[in-house]
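Since we're looking at a predicted model, the values are computed, not measured.
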Amino acid sequence: MAARVLHTAPRWLTSVKHSQQTLATSGPFRGTVRSLSGLQDSWFKSLFVRKVDPRKDAHSHLLAKKEDNNLYKIQFHNVKPECLEDYNQLCESVLPSVHADPEYPCELVGTWNTWYGEQDQAVHLWRYRGGYPALTQVMSKLRQNQMFADYRRERGKMLLSRRNQLLHEFSFWNEPVPRAGPNIYELRSYQLRPGTMIEWGNYWARAIEIRQQNQEAVGGFFSQIGSLYQVHHLWAYKDLQSRENIRNAAWQREGWDEVVYYTVPLIQHMESRVMIPLKSSPLK
């Protein structure tokens, strides 16, 4: 038999209301208690009312670069372990041709295999100059491209799963540009508490000045479609020891400890991937 759920008020609230009703019907407290009851109800209701600062623009407009109207797509492909080498060769035979073709208003920013983090994974980052119309144009053209159709069919045989996100770049980060290697790349992904994106951006607008001193900052993005309230920071290092040295040195710079202190409570979940670029990646 299913148990019945009784929707009752908390005991403390029931007790308060009972006391008020008793006093309200007798003695010299009648008028006063009615007044107190109204105040108590008003106070109780105020516990569930949130006051918000009115905003006249979307978060994406406040945080994103407006002058270039770039849209980014990040793809995560989990590859069958025995197929990773063939998958990489397939990508290197097709993706650079799309990148180089002027008929497609998109650019391959970088393509990697995850080294530390989720294994047998490929990560691709694309830029669409012109925003959503450019993305729509590319997708329409690719549907007519037989080479790309063959690529998708062969790729599908090699994948366990895949997911993607559409992103904007933060206005205070540099735009990702081709970089000479060899480098390793770290993608740090943060799942923020809903409603905290503006606060995150305010702190990182100052923090990035500290972290750009060694030229390790590659790009910073926040999601628009896919997993929401997610931020990705992309960093480049010569090797793991350089990464360790640079990150430790940041703590010696004024303001870095404050940024960490105030941004950690905004995070629900975070993940770090260390990635190795493929030969065809513009970010070497």
How about Gln137 and Tyr128: do any of their side-chain heavy atoms sit closer than 4.5 Å? no
Looking at side-chain heavy atoms only, is the closest gap between Leu278 and Asn113 below 4.5 Å? yes
Min side-chain heavy-atom separation Val274-Thr114 under 4.5 Å: no
Are Ile208 and Trp251 linked, directly or through other ILVMFWY residues, by side chains that come within less than 4.5 angstrom of each other? yes
With rounding to the nearest 0.5 Å, note down the distance linking NE2 in His232 to OG in Ser223. 6.5 Å
Taken in chain and number order and not counting sequence neighbours, the residues that satisfy ring-ring contact (aromatic ring centres under 6.0 Å, His included) with Phe148 are Tyr151
Please determine whether residues Val138 and Leu166 belong to a single hydrophobic cluster, defined as Ile, Leu, Val, Met, Phe, Trp and Tyr linked transitively by side-chain heavy-atom distances below 4.5 Å. yes
Could I get the full list of salt bridge (Lys or Arg N to Asp or Glu O under 4.0 Å) partners for Glu154, not counting sequence neighbours? Lys157
Euclidean distance, Phe172 CZ relative to Gln212 CD, rounded to 0.5 Å: 10.0 Å
Go through Gln191 and Tyr229 one step at a time and tell me if the side-chain contact (heavy atoms from CB on, under 4.5 Å) criterion holds. CA-CA 6 Å; Gln191 184 66 53; Tyr229 284 99; 4.0 Å; yes
Given Val231 and Leu192, is the side-chain contact (heavy atoms from CB on, under 4.5 Å) satisfied, shown in steps? CA-CA 8 Å; Val231 170; Leu192 303 186; 3.8 Å; yes
Hey, which of Arg211, Arg247, Lys238, Arg243 is the one that makes side chain to side chain donor-acceptor pair (under 3.5 Å) with Glu216? Arg211
I'd like to know if the side chain of His77 and the backbone of Ala122 have a donor-acceptor N/O pair within less than 3.5 Å. no
Flag, side chain of Glu92 to backbone of Tyr87, donor-acceptor distance under 3.5 Å: no
Donor-acceptor pair between Ser272 and Glu186 side chains, under 3.5 angstrom: yes
Measuring from atom CG of Asn214 to atom CD1 of Ile246, what distance do you get when rounded to the nearest 0.5 angstrom? 4.5 Å
For residues Trp115 and Leu240, determine if any side-chain heavy atom of one lies less than 4.5 Å from a side-chain heavy atom of the other. yes
Short side-chain donor-acceptor distance under 3.5 Å, Arg273 and Gln121: yes
Can you find a pair of side-chain heavy atoms, one from Leu159 and one from Val79, that are under 4.5 Å apart? yes
Could you pull out all donor-acceptor pairs under 3.5 Å where a side-chain atom in residues 260-269 meets a protein atom, sequence neighbours excluded?
from   : atom 1 : to     : atom 2 : distance (Å)
Thr263 : OG1    : Val259 : O      : 2.7

Check this for me: Lys279, atom NZ, are more than 12 non-hydrogen atoms of other residues, nucleotides or ligands nearer than 6.0 Å? no
Using modelled atom types and a 3.5 Å cut-off, is there a donor and acceptor pairing between side-chain atoms of Ser140 and backbone atoms of Thr136? no
Once you measure the plane-to-plane angle for His233 and Trp204, does it fall in the parallel (<30°), tilted (30-60°) or perpendicular (>60°) bin? perpendicular
Would you say Leu142 and Met139 make side-chain contact, with heavy atoms under 4.5 Å? yes
Just how far is it from atom CE of Met158 to atom CD of Glu82, taken to the nearest 0.5 Å? 10.5 Å
Looking only at heavy atoms, which two atoms of Asn145 and Met147 are closest? And how far apart? OD1-N, 3.0 Å
is_close_aromatic(Trp200, Phe222), centroid dist under 6.0 Å: no
Atom pair NZ (Lys73) and SG (Cys106), whose distance is rounded to the nearest 0.5 Å: 8.0 Å
Considering only heavy atoms from C-beta outward, does the side chain of Glu175 approach that of Arg127 to under 4.5 Å? yes
With Lys284, which residues qualify under salt bridge (Lys or Arg N to Asp or Glu O under 4.0 Å), at least two apart? none
Between Leu135 and Trp126, does a side-chain contact (heavy atoms from CB on, under 4.5 Å) hold up when you go through it step by step? CA-CA 10 Å; Leu135 172 67; Trp126 293 86; over 6 Å; no
Considering all heavy atoms, the nearest His168-Leu71 contact: CE1-CD1, 3.9 Å
Quick one: name the residues clustered hydrophobically with Val109, using the 4.5 Å side-chain heavy-atom rule over I, L, V, M, F, W, Y, and just say none if it's on its own. Tyr72, Ile74, Phe76, Trp112, Val123, Leu125, Leu167, Tyr185, Leu187, Val218, Phe221, Leu234, Met275, Leu283
Closest heavy-atom contact between Ser281 and Gly110? OG-CA, 3.4 Å
Salt bridge (Lys or Arg N to Asp or Glu O under 4.0 Å) involving Glu103 - partner list, sequence neighbours excluded: Lys141
Would you please say whether a donor-acceptor pair under 3.5 Å links the side chains of Asp239 and Ser242? yes
Between the main-chain N or O of Gly117 and the side-chain N or O of Gln119, is there a donor-acceptor pair closer than 3.5 Å? yes
Which atom of Leu90 lies closest to which atom of Ser93, heavy atoms considered: O-OG, 2.7 Å
Return the CG to CE distance between Asn202 and Met197, rounded to the nearest 0.5 Å. 12.0 Å
Indicate yes or no: at least one non-hydrogen side-chain atom of Ser280 is less than 4.5 angstrom from one of Thr111. yes
